[in-house]
Amino acid sequence: MYRSHYSKDVTKKDYNKSITVAGWIEDIRNIGSIAFIILRDKRGTLQLTVLKKKNPELFEKLTNLSRESVISVKGVCKENEKVRNGYEILPEMLEILSVAKAPLPLGVIDKVEADFDTRLDNRFIDLRKQKNQAIFNIRNAVIVAVHKYLQSQDFVEVHTPKITASSSEGGTDVFKLKYFEKEAFLAQSPQLYKQSLMATGLDRVYEIAWYFRAEEHNTRRHLNESTAVDLEMAFINDEEEVMNILENLVYNMWKKASDCKNEFKILSQKISVPELPFARIVYDEVVDKLQQRKSGIEWGQDLGTDNERLLGDIMNKEGIEFYFITKYPLESKPFYTMPKGGKYSRGFDLACKGVEIASGSQRIHDVKLLEERIKACDLNPKDFESYLKAFKYGMPPHGGFGFGIERFLMELLDIKNIRECILFPRDRTRLTP
RNA sequence: GCCCUGGUAGUGUAGUGGUCUAUCAUGCGAGCCUGUCGAGCUCGCGACCCGGAUUCAAAUUCCGGCCGGGGCGCCA
């Protein structure tokens, strides 16, 4: 047995008993006749204290190990006020499981910060840092919340193809790849598939989906491979029903994240759970507000980064963090978006502190209108044949949204670079690790 | 796609034409030290991205390449 206890699971009742711990050597402080070894495991760190006089052989072995080597140690757990955990372990048996090469390409607890590029090149070490693990523990918690909430609302989790034949649903560049004798593409989103599923009777589906986007952007808010909660629901009366699910989803994710008290402490972050319902503001009003602040935006335009931020400031002054922007101009939304009147649509965005984190709409379910809109967006209905087919044999009214997980985490944890929110980011130039 | 910006020991940096035999920190190695927790002290190790050009002289200037960072557009 390599481990009987994790560092943080040791309690007073374990004192004066023999326990076994395992992990990475974070630091060795050799004072001469006594040495302190800091051992790190997934829950935190603990201290091994070894006396030269008492066990010279073990002392030599332990103090000569390199940092980040992996060991398992059996020893008596002693209460000690001088140690941060309140206890220390006096090793009796040592098993060296893996010796780390020195010097490390990246120090886990070094006093000098490394460039993000260096960190990503050595991500497996970078992720040993408690702060980085905290991000992914919180990420896990919010994903659990997604499943829990959506399952409670009768949604079915699905998995749609990521290799597709149709080149684009518009809006972004896609990755091209060889599929035997054919040309194929990586899916930019599950949009067309989850809509097709609305014709099946599954009624409510969601997917934790990969998005692949070949845009050559180089910013801290973009990835070429990202994840999202994608959802679609049938038999809706209007987009408000979709927004209702979305705001409850976000609320549940936020709430579940707030239970990760230890992680927030590690990250030195505070969290307050937002109140429901979120504000709704129509696009026209957004334009008014922005024009009052002399932003120079004209009706029909998409907001753009600066305007999004400005709006975030305006809303923040009103004490609003989360808000839906509704009734977008039809021309600024994708072809599958349901029109509302002549120039408006049933499309909406959800913004948090000035950053768009989700966007959705009621979709068009009438195949004739859909074909018209495809043409109006300068796309060819022929390229969408298998998609359109699903609308010809009984398609109920429906709607849904896509919700970027990394963007969400950025806002949740006040992280400035989206690459921090994904284990192995893919950006304009990074393909490894 | 457009624009700005950078590349010096394992890591992070100083250095803008001439004792640069390249700074400092961290790290690594050796030694001393019985209560460390950013341990301390002594000694040592280790670097100018690649190619070409200018020059008496290039880490430093110019050109090309490779590899980064960031802003906008677009989006999540």
Side-chain angles (χ1 to χ4, degrees), chain A residues 26-39 45-54 59 63-64 66-68 78 80-85 88 100-122 125-126 169-174 188-191 209-230 301-309 332-334 349-352 355-360 401-411 416-419 421-422 427-432:
Chain A
E26 189 162 279
D27 200 13
I28 299 167
R29 291 191 277 270
N30 186 351
I31 310 299
S33 304
I34 188 170
F36 307 99
I37 289 117
I38 308 301
L39 192 72
T45 58
L46 58 81
Q47 178 171 296
L48 310 171
T49 304
V50 55
L51 283 156
K52 196 181 210 168
K53 210 160 65 181
K54 207 171 160 194
F59 185 93
T63 53
N64 282 323
S66 51
R67 294 197 304 167
E68 297 303 314
K78 280 279 179 199
N80 191 334
E81 282 175 358
K82 290 180 207 157
V83 187
R84 284 198 177 140
N85 288 9
E88 62 191 349
K101 216 175 125 186
L104 298 163
L106 176 71
V108 177
I109 53 156
D110 280 7
K111 288 119 203 165
V112 290
E113 259 302 296
D115 285 348
F116 200 15
D117 196 46
T118 308
R119 290 175 44 206
L120 289 176
D121 281 340
N122 302 282
I125 295 179
D126 187 49
E169 55 194 70
T172 191
D173 289 329
V174 294
Q188 71 182 77
S189 86
Q191 183 63 32
W210 283 104
Y211 283 20
F212 301 97
R213 305 212 163 162
E215 291 288 339
E216 295 192 32
H217 33 48
N218 194 354
T219 80
R220 10 172 229 179
R221 316 184 304 283
H222 290 93
L223 292 166
N224 290 290
E225 187 181 71
S226 67
T227 61
V229 179
D230 245 283
Q301 285 183 325
D302 237 13
L303 297 190
T305 312
D306 286 350
N307 281 321
E308 274 181 18
R309 279 187 201 131
S332 73
K333 286 285 163 190
D349 283 353
L350 176 62
C352 170
V355 178
E356 184 192 311
I357 58 171
S359 84
F401 58 80
F403 175 14
I405 294 169
E406 291 82 20
R407 283 273 175 95
F408 174 80
L409 285 169
M410 281 177 86
E411 295 314 308
K416 301 300 177 210
N417 192 323
I418 196 166
R419 283 165 267 224
C421 300
I422 191 160
D427 60 30
R428 174 68 187 83
T429 50
R430 180 170 289 277
L431 203 50
T432 52

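Convention: sequence-line order gives letters A, B, ...; per-chain numbering from 1.
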Within the 4.0 Å heavy-atom criterion, would you say [X] contacts the bases, only the backbone, or no part of the nucleic acid?
X	result
Ser359(A)	sugar-phosphate
Lys52(A)	nothing
Ile405(A)	nothing
Gln47(A)	base
Arg428(A)	nothing

*Is there a donor-acceptor pair closer than 3.5 Å between any side-chain N or O of Asp115(A) and the backbone N or O of Thr118(A)?*
no
_Arg407(A) side chain vs Arg221(A) backbone, donor-acceptor pair below 3.5 Å_ = yes
Listed by chain and number, what are the side-chain hydrogen bond (donor to acceptor under 3.5 Å, both in side chains) partners of [X], not counting sequence neighbours?
X	result
Glu113(A)	none
Asn122(A)	none
Thr219(A)	His222(A)

[X], nearest nucleotide to its side chain (from [options]):
X	options	result
Ser33(A)	rU34(B), rA76(B), rU36(B)	rU34(B)
Ser226(A)	rA76(B), rC28(B), rC72(B)	rA76(B)
Arg220(A)	rG1(B), rG70(B), rU36(B)	rG70(B)
His217(A)	rC75(B), rU34(B), rC74(B)	rC74(B)
Glu215(A)	rG73(B), rC75(B), rA76(B)	rG73(B)
His222(A)	rC37(B), rC75(B), rC28(B)	rC75(B)
Thr219(A)	rG35(B), rC75(B), rC72(B)	rC72(B)

Quickly work out the [X] [atom1] to [N] [atom2] distance and round it to whole Å.
X	N	atom1	atom2	result
Ile34(A)	rC37(B)	CD1	P	13 Å
Asn80(A)	rC37(B)	CG	P	14 Å
Lys416(A)	rG71(B)	NZ	C1'	16 Å
Lys78(A)	rU34(B)	NZ	P	22 Å
Glu356(A)	rG73(B)	CD	C1'	14 Å
Arg67(A)	rG29(B)	CZ	C1'	14 Å
Arg309(A)	rC72(B)	CZ	P	5 Å

*What string of B, S and - do you get for nucleotides 38-47 of chain B 5' to 3' if you count protein non-hydrogen atoms under 4.0 Å?*
BB--------
Taking the [atom1] atom in each of [N] and [M], what is the distance between them to the nearest angstrom?
N	M	atom1	result
rC32(B)	rG68(B)	C1'	43 Å
rC4(B)	rU8(B)	C1'	23 Å
rG40(B)	rC63(B)	P	46 Å
rA59(B)	rA22(B)	C1'	8 Å
rC56(B)	rU16(B)	P	23 Å
rG71(B)	rA58(B)	P	38 Å

Searching all strands shown, indicate the nucleotide that pairs with [N] (Watson-Crick or G-U wobble; both distances under 3.5 Å).
N	answer
rA59(B)	none
rG1(B)	rC72(B)
rC28(B)	rG44(B)

*Are side-chain heavy atoms of Met410(A) and Val355(A) found at a separation under 4.5 Å?*
no
N/O donor-acceptor pair, side chain [X] with base [N], under 3.5 angstrom:
X	N	value
Arg221(A)	rC72(B)	no
Lys53(A)	rU34(B)	yes
Glu216(A)	rG73(B)	no

_Any pair counted as side chain to side chain donor-acceptor pair (under 3.5 Å), so long as it reaches residues 28-37 of chain A, sequence neighbours left out_ = Asp27(A)-Arg29(A)
Using atom names, set out every protein N or O paired with an N or O of nucleotides 5-13 of chain B below 3.5 Å, distance rounded to 0.1 Å.
{"unit_1": "rG10(B)", "atom_1": "O2'", "unit_2": "Leu104(A)", "atom_2": "O", "d": "3.2"}
{"unit_1": "rG12(B)", "atom_1": "OP1", "unit_2": "Asp115(A)", "atom_2": "N", "d": "2.9"}
{"unit_1": "rG12(B)", "atom_1": "OP1", "unit_2": "Thr118(A)", "atom_2": "OG1", "d": "2.6"}
{"unit_1": "rG12(B)", "atom_1": "O4'", "unit_2": "Glu113(A)", "atom_2": "O", "d": "3.2"}

